[in-house]
Amino acid sequence: MSGLNLAQQEAVNFMHGPCLVLAGAGSGKTRVITHKIARLMQGGLEAKRIAAITFTNKAAAEMRERAKSLVGRQAKDVLVCTFHALGVRMMRQDGSVLGLKPQFSILDSDDVTGILKDAGGTTDAATARQWQWTISGWKNGGLNAAQALAQAKDENERVIATVMARYEERLTAYQSVDFDDLIGLPLKLLRDFPEVREKWQKAVGHVLIDEYQDTNATQYELLKLLVGEHGRFTAVGDDDQSIYGWRGATLDNLRRLPVDYPTLKVIKLEQNYRSTSAILRAANNVIQPNPKLFPKTLFSELGEGEPVRVVDCDSEEHEAERMAARILSIRGGSAAVASGAGVHKDWKDFAILYRANHQSRTIEQAMRKAQIPYKVSGGQSFFDRAEIRDLCAWLRLWVNNDDDPAFLRCVTTPKRGIGHQTLGSLGSFASQYKLSLFEALFSPSLPSVLNARALGSLQEFGRYVNDLEFRARHTVGAEDARTFLGEWLKEIGYEKHLYDGEDNEKVAAARWTNVLDFCDWMAKRCGGEIDDAAGVATQNERKNVLEVAQTIALLSTISDREKDRDVVTLSTLHASKGLEWPHVVLAGCVEGMLPFKPEDAEGGVVSESFAQRLQEERRLMYVGITRAQRSLVVSWSKKRKKGRELVPAMPSRFIAEMALDTRTAREDPREKLKALRAEFAQKSAEAAAAAAAAATPGAA
Ligand code: ATP
Ligand code: MG
């Protein structure tokens, strides 16, 4: 119990019923979860019966590590993962009752866009993405294609519902699921199959959920079925940090909790352990105008600290340069570090946060110019690029013919005249006989379900993969590998595929360069000429291409280790949730960007009123401010890029709302707390009365 205040201890010790920790930023909610994992284990609950759900994979990795440092190696059996990863696990174990093979593939957003283009007969990516967005919304609302069609409001929605029906067919045929299915299908499993539900409810003794305010309706239903009547769960969250409303997250999940679980224990934390008083005051002031679900305030005992600074700049370039200069001056600069003068700070103590991905470009340029090492988090990694994923799929298929997701990607990328109907028949044949798609190709009974032409092209593809596998195994050394990889790309027509699939030639060219870089990098690993910056520059042994291909799958894990690197973090505000840094710059705080005006963005869709969205934008600002521990700079520039034009910009209204100059806001928050507590008690009583009234049959 060391390192926990009384309220935190109460939350950690409350183990046998539903518990909600509702508290502001930096108050130690996430810490409650890690300590509660340890406490539950100490109380006799087996590690494997504890599930902790985080918002990102990165957060899961960090929580696993923290739990390990508290309870040691047993912590490895605790299931720490995202809702989606939990969904995958449930589906791999029990998806067969829904007709899914255990090695079903998971489609990423690019795959989905591709299938939708195909299903809807369009080459326009923007249209396909719009469909994707709408369909995802429907799926999250629990609608299938038929139901979506029945409730379609206009012609456009009817069209999308029809495309959705074809999309569903294809997914079934391909034994594939999309991200929404990773929540929707497990929910279906638990709802419609009592024996599966009982099994899971027995298996899971306690569920802990971080960032509860950003769960959506489907996730809540899933949670309810998972914990059953006993409701042994701990949810922690902050309504003021709900920033994924645009993706379907709903604060209703917070509102419904006390109603659905009348014995819910609500615990509030009021001390912030992260930020100085100056920073916290700015945060409290910004969030003030939003309506409160639960009144709360935060105090810090870390002292007043440096004042929050507002920096105005002439242009975005100027703004980026000033950030670089600030980082250098606080850190002491490379010269100061070399001479040992001043206090040396790490690069990783700094973060620059902004509203939209594209804002990183100007900042990155300034960082490079100033020779400041940085990483862009939340951005796309090399291995996530569609073209690299294509190539990796081929490598995976050489290594493991039974990799169905890779098979499907290769057989259609580039297109070789094998249509989805053929693949659909192959898919059902394979699942009927419990074969992988590749095995099914050469089954003697396959000709009974496919016509000769389709069979011919499929088997030709199969033979080609075998041939490539043979050649890869016998190609040793960098030089030969380069030749082999070049031949392969030519044989499958990959360059043409890139240029055909992309209207913008420059984009296609950039992708092709990535492909060449990737092949060169692969080839280097086959010979004695390695110059890998991350690895030790030894003369490596000569390997064949297949051996090298086998190691590729491990590479996605390299990015998990990113956090240890001593670099400045550039991140979107959304991706900064839950994290903290000593020094933070909030960049680009201008009207239109923060708060964001979708009409200023390309192809933005406005669905709710601005007033509604303003509240979410304000929460985003609150999240940004509360990432800072010791110093915070809020910067804006008088001109900003809008498309290709430069337009005059106004400082964000949130800067004024931070009320940095008014000394009036300096009252002791603990005084305010008393009043707020009284208000809260009254509101809770009202809410309980309202809930009781709603539960009474016949009440309006
Ligand atoms: P957020 O809302 O941003 O997710 P949080 O409520 O999850 O924040 P944590 O990240 O758990 O807060 O804690 C914030 C910081 O305060 C961390 O550095 C944590 O180690 C520290 N901390 C939390 N509780 C205590 C405590 N009782 N004593 C000392 N430090 C604490
Ligand atoms: Mg947290």
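None of these values were measured; they are calculated from a predicted model. For ligands, and for the atoms within them, numbers begin at 1 and follow the listed sequence.
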Protein heavy-atom partner closest to [atom] - residue, atom, separation in Å:
| atom | value |
| --- | --- |
| atom 20 (O) of ligand 1 | Arg31 NH2, 2.9 Å |
| atom 24 (N) of ligand 1 | Gln8 NE2, 3.1 Å |
| atom 16 (O) of ligand 1 | Tyr273 CB, 3.2 Å |
| atom 5 (P) of ligand 1 | Lys29 N, 3.5 Å |
| atom 26 (C) of ligand 1 | Gly3 O, 3.3 Å |

So, 4.0 Å and heavy atoms of [X]: is ligand 1 close enough to count as a contact?
| X | answer |
| --- | --- |
| Arg627 | yes |
| Asn5 | yes |
| Thr626 | no |

If I apply the N/O under 3.5 Å rule, does [X] come out as touching ligand 1?
| X | value |
| --- | --- |
| Gly28 | yes |
| Arg66 | no |
| Gly26 | yes |

Query - Spatial distance of atom OG1 (Thr626) from atom CG (Leu579) [nearest 0.5 Å] - result: 11.0 Å
Requested in this report: Report the distance from atom CG of Leu225 to atom CH2 of Trp200, rounding to the nearest 0.5 Å.
Outcome: 13.5 Å
Query raised in the report: Parallel, tilted or perpendicular for Phe179 and His84, by the 30°/60° rule?
Result: perpendicular
Query raised in the report: So Tyr220 and Tyr212, would you call those rings parallel, tilted or perpendicular, with 30° and 60° as cut-offs?
Result: perpendicular
Report task. Say whether Gln213 and Glu211, considering side chains only, have a donor N or O and an acceptor N or O under 3.5 Å apart. Result -> yes
Query raised in the report: Under a 4.0 Å heavy-atom limit, does Asp238 contact ligand 1 with its side chain, its backbone, both, or neither?
Result: neither
Query - Val311, Val310, Ile655 screened by side-chain contact (heavy atoms from CB on, under 4.5 Å) with Cys589, the one that passes - result: Ile655
**Report entry** More than 12 heavy atoms from other groups under 6.0 Å of NZ on Lys76
**Finding:** yes
Requested in this report: Without swapping roles, check the side chain of Asp214 against the backbone of Tyr244 for a donor-acceptor pair under 3.5 Å.
Outcome: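 Indeed, once roles are kept as given, a pair shorter than 3.5 Å links the two residues.
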**Report entry** Proximal candidate to atom 10 (O) of ligand 1 [heavy atom criterion; set His35, Glu580, Arg274, Gln271]
**Finding:** Arg274
Query raised in the report: Can you list the ligand 1 atoms lying under 4.0 Å from a non-hydrogen atom of Gly578?
Result: 4 (O)
Query raised in the report: Does NZ or CZ of Arg331 lie under 6.0 Å from the centre of the six-membered ring of Trp347, at an angle within 45° of the ring axis?
Result: yes
